[in-house]
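All values below come from the heavy atoms of this structure, side chains included, with hydrogens, waters and symmetry mates left out. As the structure lists them, so they are numbered: ligands from 1, and atoms in each ligand from 1. As the structure is a computational prediction, the values presented were derived from the model and not from experiment.
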Amino acid sequence: MTDNAIEISKLRKIYKGSGTTGDKLALNDIDLIVPRGSMFGLLGPNGAGKSTTINILAGLVNKTSGDASIWGFDIVDNPRNARANIGVVPQELLFDAFFTPAEMLDVQAGMYGVPKAERRTEELLKAVHLWDQRDAYARTLSGGMKRRLLIAKSMVHNPPVLILDEPTAGVDIELRQQLWEYVRMLHARGTTIVLTTHYLEEAEELCDTIAIINHGEVVCSEPTSKLLARIDEKEIIVDIAEAQGSLPKSLTGFHAEMRGTNQIVIKINQSGNGVGPVLEALVTAKLTINDISTDETDLEDIFLQLTSNKMGSDTDSDTAA
Ligand code: ADP
């Protein structure tokens with residue numbers, strides 16, 4: 001048995017075009033591992049391939065090639081077991097308007113073959129603060145209530161892995177807090193959580209591991225603390241009077257580079273030695289300094305850095321199989 005909740009290996013998806021539209025390479029042989037018990041953030045700009053990945057895991061989209069398994073069960077060789085081990089909260093708020101929350105959970109539990117005696121309708125509806133609305137028609141629920149109902153619905157079969165696709169998009173702050181409170185509780189009880197979100201701060205605060213995906217490729221997948229250590233970096237930009245052909249010798253031990261002939265950019269780790277040694281090295285180099293400025297990076301910068309170096313267009317250039 002593997003220690004991973006989800007294992008994805010060389011997963012590829014090409015959406016076949018029709019007539020005038022070309023084929024679309026949505027996932028380019030991605031590898032991704034979600035450890036059991038983690039709170040995993042899957043981030044990426046629009047069109048990166050997040051939903052495609054989730055939909056393949058959920059059995060809603062067929063992969064082109066590669067492998068994926070959930071809780072050790074291959075999604076193709078063992079689809080029933082694979083599906084029994086995940087709950088997916090979709091982005092869209094699609095409901096049959098004439099079902100009540102209680103009926104909806106019951107129908108869903110029936111679909112998963114959960115025996116009546118083991119159904120947890122009351123517990124789930126209470127957990128998402130919808131017990132009072134249990135007999136109301138779904139169409140009368142607010143957007144936030146519907147979102148919570150979807151979470152309850154995805155949990156009827158008590159899956160060890162819960163995937164939330166943009167669960168708080170367009171949801172007000174108070175409700176977001178409530179949702180996260182519930183998700184945190186599930187996580188504390190042992191559920192592995194995978195979430196996609198546009199809100200970087202949300203991912204930073206909630207997730208212990210973050211993967212960033214861009215143009216169908218995984219550009220990083222690492223513990224949040226490690227990712228944030230990159231953010232710990234700060235740039236010192238030094239404008240110098242005399243043009244330099246190369247980096248002054250005293251700066252060779254630093255993460256420093258020339259930008260043109262009259263600017264030196266030095267990266268420092270703020271929790272490391274700080275600016276002192278850099279200033280000493282600049283003095284040693286006997287440069288005439290016109291100006292010094294600093295540039296701090298944040299998660300947004302890291303995200304942009306990691307997602308902007310392959311700005312291939314969304315056109316047919318990346319459709320080759
Ligand atoms: P994300 O969820 O990160 O926004 P998606 O997985 O939805 O990204 O999309 C990845 C790429 O695949 C995008 O270029 C998108 O246009 C394309 N795509 C998604 N679904 C389809 C589809 N059903 N048919 C054709 N192309 C699709």
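- By the 6.0 Å contact criterion, CG on Asn62 is open, its count of non-hydrogen atoms from other residues, nucleotides or ligands being 12 or less.
- Of all atoms in ligand 1, listed by their number and element, those nearer than 4.0 Å to a heavy atom of Ser51 are 1 (P), 2 (O), 6 (O), 7 (O).
- Under the 6.0 Å distance and 45° angle rule, Arg184 does not count as a cation-pi partner of Trp180.
- Summarising the geometry of Pro159 relative to Ile86, their closest heavy-atom pair is CB-C, 3.5 Å, with the distance given to 0.1 Å.
- A salt bridge between Arg36 and Asp3 is absent, with no side-chain N of the basic residue lying under 4.0 Å from a carboxylate O of the acidic one.
- Those atoms of ligand 1 that come under 4.0 Å of a heavy atom in Pro45, given as number and element, are 3 (O).
- The closest approach between Gly17 and ligand 1 stays at or above 4.0 Å for every heavy atom of the residue.
- Of all atoms in ligand 1, listed by their number and element, those nearer than 4.0 Å to a heavy atom of Thr52 are 5 (P), 6 (O), 9 (O), 10 (C).
- Contacts of Lys24 with ligand 1, taken as heavy-atom pairs under 4.0 Å, involve the side chain alone.
- A salt bridge does not link Glu205 to Arg176: none of the charged side-chain nitrogens sits closer than 4.0 Å to a carboxylate oxygen.
- Nearest heavy atoms, Arg148 versus Val128: NE-O, 2.7 Å.
- Atoms of ligand 1 lying under 4.0 Å from any heavy atom of Asn46, numbered from 1 in the order shown and given with element: 4 (O).
- Residue contacts with ligand 1 leave out Gly44, since none of its heavy atoms falls under 4.0 Å from the ligand.
- Taking any N or O of Gly49, backbone or side chain, at least one lies under 3.5 Å from an N or O belonging to ligand 1.
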